[in-house]
Amino acid sequence: MWKFSVRRIMIMIPQLFVLSVLIFVLAKMMPGDALSGQIDPNIDPARIEEIRQEMGWYDPWHEQYARWIGGVIQWDFGQSFRFKMPVTELMGQRIENSFWLSLVTLIFTYLIAIPLGITSGRYNDTLRDSLITGYSYLGFATPIFIFALVMLWVFGFQLGWFPTSGSVTPGLVPGTFDYFVSKVYHLILPALSMALITTYSTIQYLRNEIIDTKQKDFILLARAKGASESRVYNRHIFRNSLLPIAAFFGFEITTLIGGSIFIENIFGYPGMGQLLIESISLRDYSVVTATTLLFGMAAVLGALLSDIILSIVDPRIRIK
Amino acid sequence: MGFLKVEDLKVHFPIKGGLFGRTLGHVKAVDGVSFSLDKGKTYGLVGESGSGKSTTGRAIIGLNHITDGKIFFEDNEITATARKAKSDIRKDIQMIFQDPYSSLNPKKRVLDIVAEPLRNFESLSRKEERIRVQELLELVGLSPESILKYPHEFSGGQRQRIGIARAVALKPKLIIADEPVSALDVSVQAQVLNFMKEIQGELDLTYLFISHDLGVIKHMCDHIGIMYKGRFVEEGTAKEIFNDPQHIYTKRLVAAIPDIDPRKREEMKQFRQEVNTEYEQAYNDYFNEEGLAYSLKPISDTHLVALPEKG
Amino acid sequence: MAEKLLEIKNLNTSFRIRDDYYAAVDDVSLTVNKNEVLAIVGESGCGKSALAFSIMGLHNRTKMEGEILFKGENIVNISPSKLNKLRGKSMGMIFQDPLTALNPLMIIGDQIGEALLLHNKELSKTKRKEKVIDLLNKVGIPRAEHVYEQFPHELSGGMRQRVVIATAIANEPELLIADEPTTALDVTIQSQILDLIKDLKEDMNSGVVLITHDLGVVAEMADRVAVMYAGQLVEIADVHTLFEEPLHPYTKSLFNSVPNANEEQEKLHVIQGIVPSLQNLPRTGCRFAARIPWIDASQHEEHPELHEVKPGHFVRCSCYKHFHFPEESKEEQHHGIS
């Protein structure tokens with residue numbers, strides 16, 4: 001088991017290296033830079049060139065990369081041009097916000113998907129199954145940004161049940177109970193909007209797993225032992241079908257990242273997704289590279305998590 | 001002698017392990033096997049699962065990498081490493097697989113399935129190709145109209161015949177049949193076996209027949225080789241193997257075949273017990289420290305047995 | 001006089017295909033006595049497994065009619081809770097493929113233990129483990145304590161089949177149903193498993209229903225044999241009578257199509273045509289008629305019945321009286337590729 005994990009982690013190192021190079025080079029290839037369009041027209045263009053020289057922007061890319069990666073290893077992503085503060089500091093709160101948003105979204109996703117998937121799989125080809133499958137396909141077909149806008153308009157503006165932007169009511173003192181409640185309150189609508197749309201894969205995956213497992217010989221054997229239907233489902237079918245879902249968990253993170261970029265911008269939620277879009281439009285390189293790198297790392301870690309979970313829960317892999 | 005000759009064939013699969021996936025050792029799936037096939041005859045390879053019989057067949061046709069040893073076909077070396085005239089050999093040696101359900105592409109029509117080898121090796125016009133395929137289907141006893149059907153429209157036996165039609169399309173000289181009837185019902189099995197015998201005469205085919213079913217092997221084969229853990233334990237004519245087995249492994253295998261006569265039940269039970277006792281007692285004499293068979297030694301012109309070194 | 005354990009009377013088991021029901025088991029009547037092996041023989045699609053599943057109540061979405069009397073009590077369409085009290089306790093089942101019959105995520109001990117737990121709630125955990133290890137020893141698994149903790153994929157096919165057997169006999173069932181128990185196994189393992197089933201039967205004085213397509217296995221194991229074709233029983237006899245004097249054309253054809261290790265045959269008999277699918281079964285007349293077309297239609301009965309030709313020997317339809325194998329020349333002619 002540990003051998004497997006160690007080997008799996010070692011594979012990650014080159015993955016992360018390639019990822020960082022790719023992100024860095026792509027960011028450099030973006031047209032324009034942080035100084036273009038931002039500077040007082042009275043400043044002499046020659047001076048701007050000088051600043052660019054000073055910043056080392058004309059050095060060969062690999063030198064720039066080496067400087068950057070050297071910092072990254074020490075958790076130093078450089079300065080943000082736009083906000084005139086260290087990127088690390090800028091991201092601090094936002095990472096936390098995004099983390100909570102993702103976590104709550106995941107919880108919602110599983111709360112919705114698991115019971116629906118189980119019902120759908122257990123009673124396949126009944127009316128219940130058709131309704132659930134219909135819902136999940138609808139979710140699959142609906143673009144997340146449209147659905148999120150509709151949710152925001154209905155529950156945020158029309159009904160006014162939820163706040164329409166931000167991550168917490170301003171003026172509350174961190175650490176108090178009110179602060180915590182306000183945070184959760186701000187999370188619910190964006191998380192729910194995303195969860196309702198992204199449950200598709202989990203529901204369908206679980207449904208197919210259950211239908212598949214139902215027809216396995218060992219289920220017949222369980223029945224032949226005299227196990228009741230509920231025991232057959234609880235002890236044999238669900239356990240065996242939830243296993244791939246558990247393993248799938250890490251990959252959900254990738255979907256979440258994609259979704260959060262839309263969700264955070266639509267709900268004005270100050271997280272990493274929002275920061276990424278802002279920094280791209282402002283050519284704030286150090287922030288762009290930092291956020292993308294962190295997203296990439298999250299995805300790679302998610303895949304790692306999936307593999308490790310699978311190796312823990314599935315005895316067939318555990319042995320090797 | 002010497003239509004197909006296999007000399008000291010070895011197929012070893014590496015076992016990867018450790019932190020860096022280094023090769024820790026080898027599974028010796030086939031470990032020094034030599035035999036030869038006579039033209040127009042059927043040679044049976046028998047063994048239990050994991051004995052290396054299928055690996056041997058697949059190595060001959062080039063589906064498995066050969067670790068060591070040589071294969072000669074009509075006196076030309078065709079070992080994968082020395083395989084220059086590869087395509088010619090691929091034409092002359094064809095394979096029939098076990099599972100008629102999964103070895104045919106379900107999305108292709110019978111016409112395309114059977115014509116595939118023709119398209120690879122011969123440039124025929126559409127019309128010529130169609131006629132050839134129809135002839136082939138007729139040969140295997142299927143109606144020529146079935147060329148536009150898909151595999152799922154056929155029964156198991158018919159599918160296996162489609163597989164055979166594809167195998168004989170290029171008029172091969174040697175057919176390697178890997179458990180060709182194991183997935184079939186007895187009556188269908190009879191159909192395929194009869195048919196294989198018929199076309200053998202008509203097309204002057206040589207078979208390498210791989211099976212775990214000793215009844216089928218006895219029915220089909222002239223010569224038989226018994227494999228165990230990648231090595232031969234005994235080789236001889238069908239008579240010698242079934243009526244006069246010499247190696248304890250062969251004896252036990254032959255004794256284990258259920259007897260079709262219910263009156264012999266007690267007799268068989270006794271006999272089996274005797275053979276099993278002999279097997280357990282003599283195991284160390286017949287196998288080396290690793291539990292592998294010794295090399296074959298002739299006890300007659302055709303009968304070879306893996307007997308321990310005299311000493 | 002043999003003691004009746006299971007009596008099946010006019011059983012029909014129908015599968016639903018689209019909106020119609022098709023009988024896979026059609027008017028089957030059988031008895032199984034204590035300490036007796038009844039073999040049910042036939043090719044795939046003849047309904048032999050459907051019959052086994054009917055006895056165990058393992059079908060869903062089927063319609064069952066008729067009676068299955070287990071020790072005198074009808075178990076067709078009984079409540080699930082009553083059925084679950086019988087399954088695994090009084091009736092055990094051995095499945096065909098030991099590679100798929102065990103739950104891959106459960107250790108062996110728990111899988112066998114479940115059969116004990118379900119029928120004896122009072123048994124303590126330690127007692128249960130002892131019993132499971134006893135069972136593992138009983139079915140000839142070496143190092144039982146170690147195997148108890150192992151997962152199915154760590155065992156060979158033969159060992160897994162022993163585990164399946166241990167599960168089936170955990171509560172010493174009076175009736176054991178073995179559905180092709182050795183088809184997936186090598187021949188030496190097969191003979192060991194068959195011996196094991198035979199010994200266990202003797203030990204527990206149980207009745208065994210052995211489903212198989214292998215006539216060799218029948219010859220080795222059975223006391224009585226029932227031959228099935230297209231959902232119906234076509235011949236029933238004790239094993240010696242059936243092997244010495246088979247009567248029904250289907251039984252005879254089966255015998256002639258198997259390569260026999262004792263005899264030299266140049267050519268095997270081929271049964272013409274194919275086993276009809278469930279939807280295409282002829283529901284009137286002799287179901288085997290289409291496959292022996294050289295026998296005149298007048299030789300078949302209009303409504304073929306089972307006739308008791310000798311005490312205990314039953315044959316369906318009158319065509320057996322007139323049956324002969326076709327002339328050699330009737331075989332298909334083949335043309336070589338020119």
Side-chain angles (χ1 to χ4, degrees), chain B residues 47-51 132 135-136 138-141 154-158 168-169 171 181 184-195 197-199 201-203 212-220 242 249 252-265 268-269 272-273 276 279, chain C residues 42-46 156-157 182 185-192 194-195 198 213-223 225 238-240 242-244 250 253-275 277 291 331-332 334-338:
Chain B
E48 301 191 277
S49 41
S51 62
R132 273 289 285 283
E135 280 171 2
L136 283 163
E138 223 170 294
L139 176 81
V140 298
F154 295 90
S155 67
Q158 287 173 323
V168 299
K171 298 179 204 163
V181 292
L184 305 173
D185 264 322
V186 280
S187 68
V188 185
Q189 169 180 309
Q191 207 173 49
V192 172
L193 293 179
N194 278 352
F195 170 70
K197 275 198 162 183
E198 268 173 49
I199 57 166
E202 281 172 35
L203 305 178
H212 73 280
D213 186 328
L214 292 145
V216 172
I217 285 282
K218 190 181 179 195
H219 177 74
M220 293 296 288
F242 283 92
Y249 181 79
R252 185 159 159 266
L253 199 65
V254 172
I257 309 171
D259 198 282
I260 199 83
D261 187 349
R263 283 170 304 185
K264 288 193 189 154
R265 219 179 265 180
M268 283 303 293
K269 192 173 176 182
R272 256 173 228 152
Q273 261 162 11
N276 271 333
Y279 183 79
Chain C
E43 297 178 275
S44 44
C46 70
S156 70
T182 56
L185 304 174
D186 276 325
V187 58
T188 51
I189 314 291
Q190 162 169 296
S191 91
Q192 292 166 9
L194 293 179
D195 284 347
K198 228 188 286 182
H213 69 278
D214 187 332
L215 291 166
V217 170
V218 176
E220 295 268 347
M221 294 287 289
D223 296 310
V225 189
D238 75 83
V239 67
H240 296 286
L242 192 94
F243 277 71
E244 277 155 40
Y250 181 60
S253 307
L254 273 185
F255 275 111
N256 274 340
S257 60
V258 187
N260 187 338
N262 299 334
E263 269 170 55
E264 292 290 329
Q265 307 130 286
E266 193 39 47
K267 212 159 183 173
L268 301 168
H269 174 65
V270 172
I271 306 175
Q272 287 192 13
I274 53 166
V275 179
S277 69
R291 306 193 66 184
E331 296 287 330
E332 307 148 286
H334 294 296
H335 317 279
I337 340 170
S338 50

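Computation of the quantities below employed the complete heavy-atom set of this structure, encompassing side-chain atoms and omitting hydrogens, waters and symmetry-equivalent molecules. First the proteins, then the strands, lettered A, B, ... as listed; each starts at 1.
Between C:P259 and the options B:V181, B:L193, B:L214, B:V186, a side chain to side chain contact (heavy atoms under 4.5 Å, CB included) holds for only B:L193.
One distance of note links OG of B:S49 with CD1 of C:I189; it measures 7.5 Å at 0.5 Å rounding. Taking CD1 of B:I257 as the start and OG1 of C:T188 as the end, the distance is 11.0 Å to the nearest 0.5 Å. C:K198 contributes atom NZ, which lies 6.0 Å from atom CZ of B:R265 (distance to the nearest 0.5 angstrom). Rounding to the nearest 0.5 Å gives a distance of 11.0 Å between NZ of B:K269 and OG of C:S191. The structure places CG of C:L254 at 9.0 Å from CG of B:D185, a figure rounded to the nearest 0.5 Å.
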Criterion side-chain contact (heavy atoms from CB on, under 4.5 Å) on B:E198 and C:K267, from CA distance to verdict: CA-CA 10 Å; B:E198 268 173 49; C:K267 212 159 183 173; 3.3 Å; yes
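For the set B:V254, B:I217, B:L253, the count of heavy-atom pairs under 4.5 angstrom toward chain C peaks at B:L253. By number of non-hydrogen pairs under 4.5 angstrom with chain B, the leading residue of C:M221, C:Q192, C:H213 is C:M221.
You'll find the side chain of B:D261 stays beyond 4.5 Å of the side chain of C:F243, heavy atoms only. A heavy-atom distance below 4.5 Å is found between the side chains of C:Q190 and B:P258.
Every residue was checked against the side-chain hydrogen bond (donor to acceptor under 3.5 Å, both in side chains) condition with B:D213, not counting sequence neighbours, and none meets it. Scanning for side-chain hydrogen bond (donor to acceptor under 3.5 Å, both in side chains) contacts around B:H212 gives B:E179, with sequence neighbours left out.
Taking 4.0 Å as the cut-off between side-chain N and carboxylate O, C:E220 and B:R272 count as a salt-bridged pair.
Residues B:Q189 and C:S257 bring no donor and acceptor atom of their side chains to less than 3.5 Å of each other.
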